[in-house]
Amino acid sequence: MFRYILRRILYMAVTLFIIATVSFFLMKMLPGSPLKAEDKLSEEQREIVLEKYGLNDPVPVQYVRYIGGLVKGDLGISFTFDNTPVTKILMDRIGPSAQLGAQALLIGTFLGILLGLIAAISHNGALDYTSTILAVLGTSIPSFVFAGLLQRYLAVEWELFPVALWGTFEHTILPTVALMIFPMATAARFTRTEMIEVMGSNFITTARAKGVSEYGIIFKHGLRNALIPLVTVMGPMAVSLMTGTLVIEKIFAVPGIGEQFVTSVMVNDYPTIMGTTLLFAFLFVLIILVIDLLYVLIDPRIRLTGGES
Amino acid sequence: MSKLLEVKDLKVSFNTYNGEVQAVRGVTFDLNKGETLAIVGESGSGKSVTSMALMQLLPKPHGYVKSGEILFEGEDIVKKSTRDMQKIRGKDISMVFQDPMSSLNPTMKIGNQIMEGLIKHQNMNRTNARKKAVELLELVGIPHPETRLNQYPHQFSGGMRQRVVVAIALACNPKILIADEPTTALDVTIQAQILELMKDIQKETDSAIIFITHDLGVVANVADRVAVMYAGKIVEIGTTDDIFYNAKHPYTWGLLGSMPTLDSDEEELFAIPGSPPDLLNPPKGDAFAPRNEFALEIDTVMEPPMFKVSDTHYAATWLLHEDAPKIEPPESVQRRMQGFSNTGSKDGEK
Ligand SMILES: Nc1ncnc2c1ncn2[C@@H]1O[C@H](COP(=O)(O)OP(=O)(O)OP(=O)(O)O)[C@@H](O)[C@H]1O
Ligand SMILES: [Mg+2]
């Protein structure tokens with residue numbers, strides 16, 4: 001087990017290195033420069049600034065310098081945001097993003113499982129159709145549409161929640177709801193399909209033949225087996241949440257990583273773009289690792305290879 | 001003899017898109033304490049559906065008991081609520097299923113799967129249930145029961161899993177054990193071991209067994225009585241001797257004739273021609289008539305009633321009517337029945 005995790009962490013480092021390289025060069029190919037035309041700088045001033053940030057060096061030199069810093073945990077200095085180190089910017093901003101992401105993922109998945117379960121139990125009943133329609137809507141309508149609707153009705157018209165900004169728990173509600181629709185709908189659809197299949201399997205009949213109560217059949221025997229495959233979609237779901245936050249944070253003016261990422265892309269703040277990309281990449285590979293470990297934990301049939309446990 | 005179970009004119013149907021499938025069309029039999037009744041018949045004859053009805057485990061809502069009674073110790077199971085059935089299942093009547101590979105919960109430890117019934121039906125605490133589970137695993141011949149309890153189904157072979165399934169079914173000393181083709185999925189040596197095991201346990205616990213199979217060879221070794229099913233009906237029922245030495249129904253003759261035996265090299269195995277009727281539209285007369293070389297005219301018009309051959313032996317064929325022509329079973333079948341009665345049915349197979 002331990003050796004397995006160690007090996008996986010090594011792979012993670014390699015993956016991140018590749019992602020850093022690819023995105024570094026991709027970013028260099030982007031048109032535009034950190035200095036905008038409206039900045040009204042003279043040719044000389046421009047040169048000074050570019051020189052100061054090392055942007056006049058050949059790209060390979062810049063690349064080696066960047067990777068060198070990266071190994072030491074240094075993501076460089078932001079071109080905007082008052083010349084703060086990128087690490088500090090990310091640290092300051094990860095809080096709201098993480099909170100939104102975690103709330104949306106946990107609440108969304110939980111409600112989704114519940115919906116899917118109800119649908120499966122009332123298989124082909126009215127509740128089943130209702131929740132299926134909800135699930136289809138939830139997976140096909142993008143989260144920013146919900147965000148707009150929530151803002152318009154719950155915040156502006158009925159004034160139940162703050163329209164935007166950050167501060168109290170109330171501020172987190174609307175963005176969380178907008179963000180959790182997708183994981184909720186995905187989990188609901190998945191749980192329903194799996195549950196219906198599991199409930200038709202032979203071991204459920206065996207359990208019934210033992211006299212197990214309907215409650216025990218559904219939760220102890222059914223749900224647990226139905227949820228195993230759900231773990232596989234949790235990864236992509238978490239990733240879609242991360243990309244979802246980019247837009248949602250912008251819409252609700254949440255001072256999170258996503259909002260700042262969108263801003264830094266618009267002004268070509270290279271170090272910040274790179275830093276954020278790497279952070280997302282890191283979270284992504286981390287989630288995949290956690291999910292693989294989770295899989296081992298809940299499915300006894302899966303054994304890890306490469307470690308004697 | 002005390003009757004444990006009386007099934008009276010049981011009819012079970014399924015609602016499907018194409019209409020009503022009449023899977024069981026009037027089955028009557030009873031089961032005495034401590035005896036083994038075998039139900040034989042080809043695939044689709046309604047054996048599993050009958051046994052699922054006994055447990056009220058028909059797939060809801062499209063499978064249902066259309067009419068008839070299932071009296072267990074005098075009380076009608078068909079009328080019992082789900083809650084009452086949960087108290088009967090696993091305690092008074094339990095079941096062993098055909099496919100050991102899929103009949104255990106893959107994510108639950110074997111021990112917990114055995115203990116579940118004990119805790120529910122016998123109010124045992126976990127410690128006692130665990131002790132009992134160890135005993136049960138020993139009883140069904142699984143070595144190292146203490147460690148095995150903590151393992152999952154995928155760590156067991158097919159034969160071992162079926163032993164576990166038997167252990168689960170036996171946990172609460174059921175009065176009736178229904179075994180639906182418990183050995184079909186296993187290879188021959190394991191089959192014999194499981195059958196032996198069930199017989200041994202029956203001697204110890206005195207439970208009655210309903211043994212479902214399409215393999216007459218197995219029947220000779222384990223059953224006290226045999227019911228032959230065809231197209232949702234029992235066409236012949238009698239003691240094992242009645243069926244093996246003195247079968248009266250042409251369908252039973254067909255089954256006997258198509259049964260491979262070790263000393264049958266000189267005889268040709270014959271297969272029953274044709275296929276079973278469509279249970280969406282069961283035929284008007286005798287459902288077996290189209291496949292029956294001895295069919296009479298009346299077979300296409302009217303269903304035969306159960307004719308009494310002896311106190312223990314009944315068969316539903318017009319051939320037993322006093323006006324019917326005297327027809328003897330095909331010669332190869334006669335020779336077979338002779339062979340069985342010479343060696344004695346109980347070891348006719350060995
Ligand atoms: N869930 C169902 N829906 C519709 N029809 C069904 C269903 N289950 C069984 N049947 C029908 O009931 C009839 C009897 O099936 P059953 O499973 O009892 O046969 P069986 O005698 O056990 O056969 P086998 O030896 O193959 O197990 C078949 O014609 C089958 O098509
Ligand atoms: Mg069957």
Side-chain angles (χ1 to χ4, degrees), chain A residues 113 117 119-129 190-191 194-232 291 293-305 308-309, chain B residues 48 51-52 54-62 82-110 112-122 150-155 161 164-165 168-169 171-172 174 177-178 180 185:
Chain A
I113 291 173
L117 191 61
I121 292 170
S122 81
H123 190 188
N124 290 336
L127 278 172
D128 187 13
Y129 291 120
F190 223 81
T191 308
E194 288 300 325
M195 193 67 187
I196 287 173
E197 181 172 336
V198 167
M199 291 302 276
S201 54
N202 287 344
F203 66 85
I204 292 289
T205 316
T206 309
R208 286 223 164 88
K210 268 192 276 187
V212 177
S213 65
E214 208 51 24
Y215 174 89
I217 296 281
I218 290 169
F219 290 97
K220 263 167 83 182
H221 291 273
L223 194 57
R224 165 141 195 198
N225 285 287
L227 288 189
I228 289 175
L230 185 67
V231 175
T232 36
I291 281 168
L293 294 180
L294 209 60
Y295 227 126
V296 178
L297 217 66
I298 62 172
D299 190 344
R301 283 163 298 186
I302 294 180
R303 282 280 150 266
L304 296 174
T305 49
E308 52 281 89
S309 52
Chain B
S48 298
S51 64
M52 293 304 249
L54 299 185
M55 291 283 262
Q56 260 203 45
L57 281 176
L58 293 167
K60 281 179 195 166
H62 64 285
T82 313
R83 207 159 264 275
D84 287 338
M85 274 319 290
Q86 283 166 4
K87 288 185 196 130
I88 293 176
R89 289 182 202 140
K91 179 166 168 274
D92 294 323
I93 311 179
S94 63
M95 204 159 172
V96 176
F97 296 93
Q98 178 168 357
D99 183 11
M101 297 322 259
S102 63
S103 50
L104 290 170
N105 185 339
T107 59
M108 198 189 254
K109 286 179 181 163
I110 292 298
N112 288 335
Q113 300 196 45
I114 301 177
M115 284 151 63
E116 211 176 10
L118 293 167
I119 292 169
K120 172 164 173 110
H121 295 302
Q122 314 211 320
N150 290 320
Q151 294 184 337
Y152 291 93
H154 70 274
Q155 291 164 294
R161 282 193 215 189
V164 172
V165 175
I168 290 176
C172 303
L177 176 66
I178 303 173
D180 188 352

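FYI, side chains are in, hydrogens and waters are out, and symmetry mates aren't considered; it's all heavy atoms of this structure. Throughout, a chain's letter reflects where its sequence line sits, starting with A, and its residues are numbered from 1.
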Problem set entry | His221(A) and Gln113(B): side chain donor to acceptor below 3.5 Å | no
Problem set entry | Under 4.5 Å from any heavy atom of chain B - which part of Ile228(A) | side chain
For this session: Sort out for me which of Glu116(B), Lys120(B), Lys109(B) touches chain A most, counting heavy-atom pairs under 4.5 Å.
Result: Glu116(B)
Exercise. With distance as the sole criterion, is a donor-acceptor pair present between the side chains of Asn202(A) and Ser103(B) under 3.5 Å?
Worked result: no
Exercise. Going from CG on Asp99(B) to OG on Ser201(A), what distance comes out if it is rounded to the nearest 0.5 angstrom?
Worked result: 11.0 Å
For this session: Report the distance from atom CD of Gln86(B) to atom CD1 of Ile217(A), rounding to the nearest 0.5 Å.
Result: 8.0 Å
Problem set entry | Nearest-0.5 Å distance, OG1 of residue Thr205(A) to CG of residue Leu57(B) | 7.0 Å
Exercise. Once you round to the nearest 0.5 Å, how far does CG of Asn105(B) lie from NZ of Lys220(A)?
Worked result: 10.0 Å
Problem set entry | Proximity breakdown for Met101(B) and chain A, heavy-atom pairs closer than 4.5 Å | neither
For this session: Considering only heavy atoms, give the residues of residues 90-97 of chain B separated from chain A by less than 4.5 Å, sorted numerically, with 'none' for an empty result.
Result: Gly90(B), Ile93(B), Met95(B), Phe97(B)
Exercise. Can you find a heavy atom in the side chain of Pro106(B) that is under 4.5 Å from one in the side chain of Phe203(A)?
Worked result: yes
Exercise. Within residues 206-213 of chain A, which positions have a heavy-atom distance to chain B below 4.5 Å?
Worked result: Thr206(A), Arg208(A), Ala209(A), Lys210(A), Gly211(A), Val212(A), Ser213(A)
Problem set entry | Exceeds 12 heavy-atom contacts within 6.0 angstrom, atom CD of Gln122(B) | yes
For this session: Heavy atoms only, distances under 4.5 angstrom: which of Gln56(B), Arg83(B), Met108(B) has the most pairs with chain A? Name it, please.
Result: Met108(B)
